[in-house]
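Note on naming: letters A, B, ... go to the chains in the order of the sequence lines (proteins, then strands), and numbering restarts at 1 for each one.
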Amino acid sequence: MRLSHYFLPILRDDPKEAEIVSHRLMLRAGMIRQSAAGIYSWLPLGLRVLRKIEQIIREEQDRAGAIELLMPTLQSAELWRQSGRYDAYGPEMLRLKDRHDRDLLYGPTNEELITQIFRDATSSYRDLPRILYHIQWKFRDEIRPRFGVMRGREFLMKDAYSFDLTPEAARHSYNKMFVAYLRTFHRMGLKSIPMAAETGPIGGEMSHEFIILAKTGESRVFCHKALLELTPPDENIDYDSDLGPVIAPWTSQYAATEEIHNAAEFAKQVPEEQQIEARGIEVGHIFNFGTKYTKAMNCAIQGPDGSLITPQGGSYGIGVSRLVGAIIEASHDDNGIIWPKAVAPFDIGMINLKSGDAQTDSACEQLYSQLRSAGFEVLYDDTRERAGAKFKTMDLIGLPWQIVIGPRGLKDGAVELRERATGKAEMIPLEGVIARLREPEPGLGKL
RNA sequence: CGGGGCAUGGCGCAGUCUGGUAGCGCACCUGGUUUGGGACCAGGGGGUCGCAAGUUCGAAUCUUGCUGCCCCGACCA
């Protein structure tokens, strides 16, 4: 993409409404614009990140055997009356009426709807287990939206729902999602820590929040240091095998959010030098809630012996739009965002230091086209800005690699390759750029 | 919802106390000089001063009502 043809409204100054760093940087980097309190438009750069995150989530859900569908944003109140949540949910739920004066709501979650869909389409035990998911916009009318996309009212969420015949089978579905979440967040360059959690209004007995540590996190969390060193299973993990032992390293160590933290237990279970007390951002939440919704929604399945079985349910959320902010909270410096490679809006930012100079232009054009043919996503700054301004912009938007091309280096046929995360720069021959970019990252195993 | 604050061009702000018809920096446009970490000079364009009613010869400025947004708290993916 040529910057001269792109839509990237950079702000040089901090907008005063943005308090925390991710919100500030997203506004300044031209990723989002606010439309109303807690409601945002996603500009091209932000959208690209959102899509990358979505895609990683999708791949890992699919790998774990979940099946994608898409439910609407608007739901009928009638459905929610069946589960009893229409009245229980409170003012957080946005309620509206259509022209026939029928009650509708903008979905804050989808347990009722998915249960209805599943119920109406399934009658045999042979059709279980299933995990269905979708990635859709939700609305919760928060009392006080804040922190940009981290706590918006409208937000993009992946939510999955499992249906199983027995509690044991439901436990297995839960474990599948547990593993999928470990892998998902790891692929995004995040260290996520599953923590025992309260179940809240969704209900149920078993629940984990997936927390990433960040100074600006909204809640205090406590855990064993060893949890930070664990690596998730690789892509060859067999999701049909017993996953209990696989997740044991995570579930056997103390890890709790503030709400259920028990200081005495913490002290007893974790040696002082291994204790971590930090702030965290919740990016995922998994629940197992038994028959809460299937029962309320009259969902029954015929078993092998002809008897009716009420399926066991679970739901599994990931805050997709929140993750964009969370990743920035976890990965930035004074100059701007530092995108993990897997979610960066572009792989490479190419800076033409002397647009209009025939030699520099042609070297840039040549490399730009080669990089794209090689499969890289490149944002090419071909504008007439001065060098300094271009550097500042590139640092702000945080693309993993910067390629700096100017007459000085071209004299020797070289360009500068700079890694945003480390600031390390090296001069390499024009022809060597692609080979250099393809070198495997040290320490990054195959996931 | 309780407490605090803000609303003036795309962004950041001054002007409001003491009414006289809107200004600064950045950004933008034109020309010139510049050009490896947010250049300089000159000339320009752009604002129903959040909305409504009122006071007044005259309102960004005073009065009343409303709306939007931000921060702290309780609540939450």
Under a 3.5 Å cut-off for both contacts, is [N] paired Watson-Crick or G-U wobble with anything, and if yes, with which nucleotide?
| N | answer |
| --- | --- |
| B:U56 | none |
| B:A7 | B:U67 |
| B:C49 | none |
| B:A39 | B:U33 |
| B:U21 | none |
| B:C28 | B:G44 |
| B:C1 | B:G73 |

Got more than 12 heavy atoms from elsewhere within 6.0 Å of NZ, A:Lys354?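 No.
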Can you tell me, in whole Å, how much space there is between the [atom1] of [N] and that of [M]?
| N | M | atom1 | result |
| --- | --- | --- | --- |
| B:C71 | B:A27 | C1' | 27 Å |
| B:C70 | B:U30 | C1' | 39 Å |
| B:A14 | B:C26 | C1' | 15 Å |
| B:G25 | B:G45 | P | 15 Å |
| B:U18 | B:G31 | C1' | 44 Å |
| B:U16 | B:C62 | P | 9 Å |
| B:G46 | B:A22 | C1' | 14 Å |
| B:G15 | B:U61 | C1' | 9 Å |

Residues [X] and [Y]: side-chain donor-acceptor under 3.5 angstrom:
| X | Y | value |
| --- | --- | --- |
| A:Tyr293 | A:Arg85 | yes |
| A:Tyr254 | A:His261 | yes |
| A:Asp62 | A:Tyr133 | yes |
| A:Asp395 | A:Gln402 | yes |

Between atom [atom1] in [X] and atom [atom2] in [N], what is the gap in whole Å?
| X | N | atom1 | atom2 | value |
| --- | --- | --- | --- | --- |
| A:Leu410 | B:G36 | CG | P | 15 Å |
| A:Glu17 | B:C71 | CD | C1' | 12 Å |
| A:Glu258 | B:C75 | CD | P | 10 Å |
| A:Phe155 | B:C75 | CZ | C1' | 14 Å |
| A:Leu396 | B:C11 | CG | P | 17 Å |
| A:Leu353 | B:G38 | CG | P | 13 Å |
| A:Gln359 | B:G36 | CD | P | 17 Å |
| A:Asp14 | B:G12 | CG | P | 9 Å |

Of the nucleotides [options], which one has an atom closest to the side chain of [X]?
| X | options | answer |
| --- | --- | --- |
| A:Leu11 | B:G36, B:C11, B:C76 | B:C11 |
| A:Thr393 | B:G38, B:G25, B:C72 | B:G38 |
| A:Ile143 | B:G12, B:G36, B:C1 | B:C1 |
| A:Ala36 | B:G25, B:C69, B:C72 | B:C69 |
| A:Arg146 | B:A39, B:C71, B:G12 | B:C71 |

At less than 3.5 Å, do the side-chain atoms of [X] and the base atoms of [N] form a donor-acceptor pair?
| X | N | result |
| --- | --- | --- |
| A:Asp395 | B:G37 | yes |
| A:Glu385 | B:G38 | no |
| A:Arg12 | B:C11 | no |
| A:Arg28 | B:G38 | yes |
| A:Arg418 | B:G37 | yes |

Tell me which of A:Glu218 and A:Arg33 sits closer to the 5' end of RNA chain B, going by the nucleotide each one is nearest to.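 First, find each residue's nearest nucleotide; the 5'-ward one identifies A:Arg33.
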Here's a test of your reading of the structure: between A:Ile10 and A:Gln34, which maps to the more 5' nucleotide of RNA chain B?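 The residue mapped nearer the 5' terminus is A:Ile10.
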Kindly confirm or rule out a cation-pi arrangement of [X] over [Y], judged by NZ or CZ under 6.0 Å from the six-membered ring centre and within 45° of its axis?
| X | Y | result |
| --- | --- | --- |
| A:Arg130 | A:Phe163 | no |
| A:Arg220 | A:Phe222 | no |
| A:Arg48 | A:Phe346 | yes |

Using a 4.0 Å heavy-atom cut-off, does [X] contact any base of the nucleic acid, only the sugar-phosphate backbone, or nothing at all?
| X | value |
| --- | --- |
| A:Gly317 | nothing |
| A:Lys16 | sugar-phosphate |
| A:Gly152 | base |
| A:Gly409 | base |
| A:Val320 | nothing |

Just by modelled atom types, is the A:Gly314 backbone N or O under 3.5 Å from a matching donor or acceptor in the A:Lys292 side chain?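 Side chain of A:Lys292 to backbone of A:Gly314: no pair is present.
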Is the shortest side-chain N/O distance from A:Arg144 to OP1 or OP2 of B:C75 below 4.0 Å?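 Checking B:C75 against A:Arg144, no side-chain N or O comes under 4.0 Å of OP1 or OP2.
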